[in-house]
Protein chains: 2
Amino acid sequence: MDWSPENCSIARTLGLLGEKWTLVILRDVFGGIRRFNDLIEYSGVPRQVLTNRLSVLVEEGILRRDSYQEPGSRARPEYRLTEKGLDTYRILIALREWGDRYVADPEGPPLEHLHRDCGAPVTLTVRCAEGHEIHDPREVVGRPGPGAVRRSAKAASGTK
Amino acid sequence: MDWSPENCSIARTLGLLGEKWTLVILRDVFGGIRRFNDLIEYSGVPRQVLTNRLSVLVEEGILRRDSYQEPGSRARPEYRLTEKGLDTYRILIALREWGDRYVADPEGPPLEHLHRDCGAPVTLTVRCAEGHEIHDPREVVGRPGPGAVRRSAKAASGTK
DNA sequence: AGGCTAAGTCCTCTTGACAGACTCAACAAG
DNA sequence: CTTGTTGAGTCTGTCAAGAGGACTTAGCCT
C-alpha cells in the first residue's frame with residue numbers, strides 16, 4: 001500500500017489551481033469579470049500576483065487572452081475561460097457547497113449557482129457507475145488506479 | 001452588480017482549505033494516513049507546515065485529535081476526520097476528476113474513488129433542484145444569494 | 001503636445017515555505 | 001537508574017513568495 005503520490009491527480013490539480021488566489025480569480029471570471037483592473041478590485045488580488053496567475057492560467061490553457069475595445073479607447077486584453085477552465089466549475093461548486101454548509105453567515109449563502117434554463121439552484125450529487133447515489137462520504141473508498149506507481153523501497157518503512 | 005466578495009463561501013472555504021498543503025493532507029487522511037510521521041512521508045509536507053496545518057484543521061473542527069497506542073509504546077496522537085472534514089470529499093473528488101481529465105499521465109489515473117458497496121467508480125453529477133442534469137458549465141449561472149452584501153459605494157467605479 | 005486610462009512593471013517590506021538539527025516524553029534494555 | 005529508541009513535535013536560519021505603493025507604457029482624445 002505504498003503508492004507514490006507524485007502523479008496524484010489531486011496533487012497535480014492543486015499544483016495548477018491550488019495557489020492562494022487562483023480559484024478566487026476563476027470564481028470571478030466565471031462571474032463575468034474579465035479585465036485586469038476589475039479583477040483586482042473584485043478579488044482583492046495584489047497586482048503582481050494577478051499578473052503572475054493570469055499568465056500561468058493562460059499558459060496552462062485555462063484562460064485565454066482575448067481582446068476588447070471600448071469605443072474611444074485602445075484595444076485591451078480580456079481573459080476568458082477555455083473549455084479546460086469552464087470545467088473547473090465542479091470544483092467551484094463543491095467549494096461553495098461546503099462553504100455554505102460550514103462557514104456561511106446566518107443570513108444565508110452570498111452566492112448561488114442556478115440552472116440557467118429553469119432558475120433552480122444547482123447542487124452536486126455523488127454517484128457510482130452502477131447508478132447508486134451516495135450520501136455518506138464513508139461509502140467512498142480511494143484506491144490506486146491504473147496509473148498508480150509504487151513508491152521506491154526506501155520509503156516503505158514507518159507505515160505500521 | 002457590485003457585490004462584496006468578503007462573505008463569499010468559496011473565498012471562505014479557500015481561507016480554510018486553500019493553503020498549499022491543506023488539501024493534500026486531507027487527501028491522505030482520507031486515505032487512512034493519520035499519524036504525524038506518516039503524513040510527512042506520504043504527503044511530503046515539511047514538518048513545520050504539517051504542525052501548523054494540523055493545528056488549524058483541528059481548531060476548525062475538520063480534524064479531531066485522537067490517540068492511539070502501539071503495544072510497548074506510549075500513547076500518541078492521531079488525526080481523524082470529523083463530519084465537517086468528511087464532507088470535504090466532494091471537493092477532493094471534484095479536484096481528482098478535473099485532474100484526471102486534464103493533467104493525468106497517459107497510463108490512466110493514479111487514484112480512483114470507488115463505491116464501497118459495489119466497487120464501481122464514483123463521479124460527480126451536477127443537477128438542479130428541478131432534477132435537470134447539467135453537462136455544460138454554461139448552463140450554470142452565479143447569482144448573489146440571500147446573504148449577499150452590496151459593496152461599499154467607493155468600490156462601485158471601474159466596473160465598466 | 002499634453003492628458004487620461006487600463007494594464008502592467010518595479011521596488012521594498014514582510015510573511016511564509018523549507019530543511020536540518022535539536023528537544024521532549026514515555027517505554028524498554030542493560 | 002542510566003542509556004537508548006521512537007514518534008511527535010520545536011528551533012533556527014535561508015530563501016522564495018506575497019502585499020502594496022509608486023512608477024511606466026501605449027494608444028486615443030482633446
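Remember, predicted model here, so these are calculated numbers, not experimental data. Convention: sequence-line order gives letters A, B, ...; per-chain numbering from 1.
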Chemist: At under 4.0 Å, does any side-chain N or O of A/R35 touch on OP1 or OP2 of C/dT5?
Modeler: no

Chemist: Tell me whether A/D105 is salt-bridged to B/R12, with the criterion being a basic N under 4.0 Å from an acidic carboxylate O.
Modeler: yes

Chemist: Pairs under 3.5 angstrom only: tabulate donor-acceptor contacts from the side chains of residues 56-67 of chain B to other protein residues two or more places apart or in another chain.
Modeler:
| residue | atom | partner | partner atom | Å |
| --- | --- | --- | --- | --- |
| B/R64 | NH1 | B/D66 | OD2 | 3.0 |
| B/R65 | NH1 | B/Y79 | OH | 2.8 |

Chemist: Each nucleotide N or O in nucleotides 27-30 of chain C that has a protein N or O under 3.5 Å away: list the pair and distance.
Modeler:
| residue | atom | partner | partner atom | Å |
| --- | --- | --- | --- | --- |
| C/dC27 | O3' | B/G72 | O | 3.2 |

Chemist: Which pairs, with at least one residue in residues 17-37 of chain B and sequence neighbours excluded, count as a ring-ring contact (aromatic ring centres under 6.0 Å, His included)?
Modeler: none

Chemist: Taking only N and O in the side chain of B/Y79, is any of them less than 4.0 Å away from OP1 or OP2 of D/dA8?
Modeler: no

Chemist: State, yes or no, whether a side-chain contact exists between B/L86 and B/E83 at a heavy-atom distance under 4.5 Å.
Modeler: yes

Chemist: Between atom CG in A/L39 and atom C1' in C/dA6, what is the gap in whole Å?
Modeler: 13 Å

Chemist: Whole-Å distance between C/dG20 P and B/N37 CG?
Modeler: 15 Å

Chemist: Less than 6.0 angstrom from the centroid, inside 45 degrees of the normal: does B/R34 satisfy that with respect to the ring of B/Y68?
Modeler: no

Chemist: Grouping I, L, V, M, F, W and Y whenever their side-chain heavy atoms are under 4.5 Å apart, do A/I40 and B/L14 come out in a common cluster?
Modeler: yes

Chemist: Mind checking side chain to side chain contact (heavy atoms under 4.5 Å, CB included) for A/E112 and listing every partner two or more places apart, or none if nothing turns up?
Modeler: A/L114, B/P146

Chemist: Ignoring backbone atoms, test whether A/K20 places a side-chain nitrogen or oxygen under 4.0 Å from the OP1 or OP2 oxygen of D/dA19.
Modeler: yes

Chemist: Could you run through nucleotides 1-6 of chain D and give me one letter per nucleotide, 5' to 3': B if any protein heavy atom sits under 4.0 Å from the base, S if only the sugar-phosphate is that close, - if neither?
Modeler: -----B

Chemist: May I ask you to list the residues of residues 46-54 of chain A, by number, that have any heavy atom positioned under 4.0 Å from an atom of DNA chain D?
Modeler: A/P46, A/R47, A/Q48, A/V49, A/R53

Chemist: Specify the separation, in whole Å, of atom CD of B/E19 and atom C1' of D/dA17.
Modeler: 13 Å

Chemist: Using a cut-off of less than 4.0 Å, is there contact between a side-chain N or O of A/W21 and OP1 or OP2 of D/dA17?
Modeler: no

Chemist: Could you check how far OH of A/Y68 sits from P of C/dT5, rounded to whole Å?
Modeler: 13 Å

